[in-house]
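Shown next, in C-alpha cells, is the structure this report addresses.
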Amino acid sequence: QVHLVESGGGLVQAGGSLRLSCAASLRTGSRYSMGWFRQAPGKERTFVAAISWFAVITKYADSVKGRFTISRDNAKDTVYLQMNSLKPEDTAVYYCAAAPDGGDFDSWGQGTQVTVSS
C-alpha cells in the first residue's frame with residue numbers, strides 16, 4: 001500500500017497558476033507510475049496527467065495539454081503538477097495516484113481543492 005498526501009490547492013483567478021505537490025511513501029525497491037486525477041462536483045473522477053518512473057513517458061488529458069505539466073523527483077518521493085492558465089472549468093478536487101508499473105492506479109491521496117474564479 002502506498003500513502004499519498006497532496007498539497008498546494010487553493011483559490012485562484014482565471015489565468016492564474018498553482019503548483020500541486022504529492023508526497024508519496026513508496027515501497028522500497030518498487031517502481032511506480034504516478035498520476036493526477038480530478039473530480040468536480042456532480043461529476044466522475046477524470047484523468048489529468050501521468051508520468052512513468054523514469055519520467056520518460058508523460059500523458060495528459062486533451063483539456064490540459066499545453067497548460068499543465070507533470071514532473072517528479074524520485075529522490076524526494078514527490079510528484080508535482082504545475083497548472084498554468086487556469087480556467088473556471090479546472091475547478092475540482094485534485095487527487096494524486098500511484099500505479100505499480102504494468103498495473104492500475106490503486107493508491108489514492110485524500111485530494112486537494114482547486115477553485116478557479118471567473
Side-chain angles (χ1 to χ4, degrees):
Q1 194 72 16
V2 178
H3 182 63
L4 307 171
V5 180
E6 303 96 332
S7 62
L11 175 64
V12 64
Q13 292 184 332
S17 298
L18 286 173
R19 189 176 78 158
L20 306 183
S21 298
C22 174
S25 298
L26 306 176
R27 190 174 73 174
T28 301
S30 297
R31 297 175 179 177
Y32 291 84
S33 294
M34 302 296 295
W36 289 94
F37 295 74
R38 65 187 181 186
Q39 186 169 21
K43 297 184 177 180
E44 295 184 343
R45 186 176 299 180
T46 59
F47 170 79
V48 176
I51 188 167
S52 63
W53 175 258
F54 294 108
V56 174
I57 301 172
T58 56
K59 301 288 186 181
Y60 297 92
D62 288 342
S63 59
V64 305
K65 286 181 179 178
R67 300 189 298 120
F68 291 10
T69 302
I70 188 171
S71 61
R72 70 190 300 167
D73 185 341
N74 289 349
K76 296 181 178 180
D77 291 334
T78 302
V79 181
Y80 305 96
L81 184 68
Q82 178 67 46
M83 305 185 294
N84 298 325
S85 301
L86 283 162
K87 305 174 181 179
E89 52 263 43
D90 294 318
T91 295
V93 177
Y94 283 71
Y95 297 91
C96 181
D101 280 346
D104 298 326
F105 288 100
D106 58 8
S107 297
W108 301 85
Q110 83 288 349
T112 185
Q113 177 71 47
V114 173
T115 302
V116 184
S117 62
S118 59

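- Minimum interatomic distance between S85 and S17 (heavy atoms only, all atoms of both residues): N-OG, 4.3 Å.
- A donor-acceptor pair is defined here as one N or O able to donate and one able to accept, closer than 3.5 Å; such a pair exists between the side chain of D73 and the backbone of A75.
- One N or O on the side chain of T112 and one on the backbone of G9 form a donor-acceptor pair closer than 3.5 Å.
- A donor-acceptor pair under 3.5 Å links the side-chain atoms of S52 to the main chain of I57, judged by distance alone.
- Here the shortest heavy-atom pairing between T78 and K76 reads OG1-O, 2.9 Å.
- Looking only at side-chain heavy atoms (C-beta outward), W36 and I70 come within less than 4.5 Å of each other.
- Residues A98 and L4 share a closest heavy-atom pair of N-CD1, 3.8 Å.
- Between the Q39 side chain and the E44 main chain, no donor and acceptor come within less than 3.5 Å of each other.
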Evaluate the criterion side-chain contact (heavy atoms from CB on, under 4.5 Å) for residue pair V2 and M34; output intermediate values, then yes/no. CA-CA 11 Å; V2 178; M34 302 296 295; 5.9 Å; no
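- With a 6.0 Å cutoff to the six-membered ring centre and a 45° limit on the axis angle, R45 counts as a cation-pi contact of Y95.
- Side-chain atoms of L81 and T69, non-hydrogen and from C-beta on, never get closer than 4.5 Å to each other.
- Here the closest heavy-atom approach between residue W53 and residue N74 is recorded as O-ND2, 3.0 Å.
- Both the sub-6.0 Å distance and the 45° axial angle are satisfied by R19 relative to the ring of Y80.
- Heavy-atom minimum distance, R38 versus A92: CB-CB, 3.8 Å.
- Although no hydrogens or angles enter the test, the distance criterion places no donor-acceptor pair under 3.5 Å between the side chain of Q82 and the main chain of F68.
- Inter-residue side-chain proximity for V5 and Q110 is flagged as met; some heavy-atom pair is nearer than 4.5 Å.
- Annotation: side chain to side chain contact (heavy atoms under 4.5 Å, CB included) contacts of V116 (sequence neighbours excluded): V12, A14, L86, P88, D90, T91, V114.
- Residue R72 holds its CZ atom at 6.0 Å from CD1 of I51, rounded to the nearest 0.5 Å.
- By the neighbour-count criterion of 12 heavy atoms within 6.0 Å, atom CD of Q13 is sparsely surrounded, having that number or fewer from other residues, nucleotides or ligands.
- With sequence neighbours left out, F37 forms a ring-ring contact (aromatic ring centres under 6.0 Å, His included) with F47, F105, W108.
- In terms of heavy-atom proximity, Y32 sits nearest to P100 at CD2-N, 3.5 Å.
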Might you work through the side-chain contact (heavy atoms from CB on, under 4.5 Å) test for Y94 and Q113, ending with a clear yes or no? CA-CA 6 Å; Y94 283 71; Q113 177 71 47; over 6 Å; no
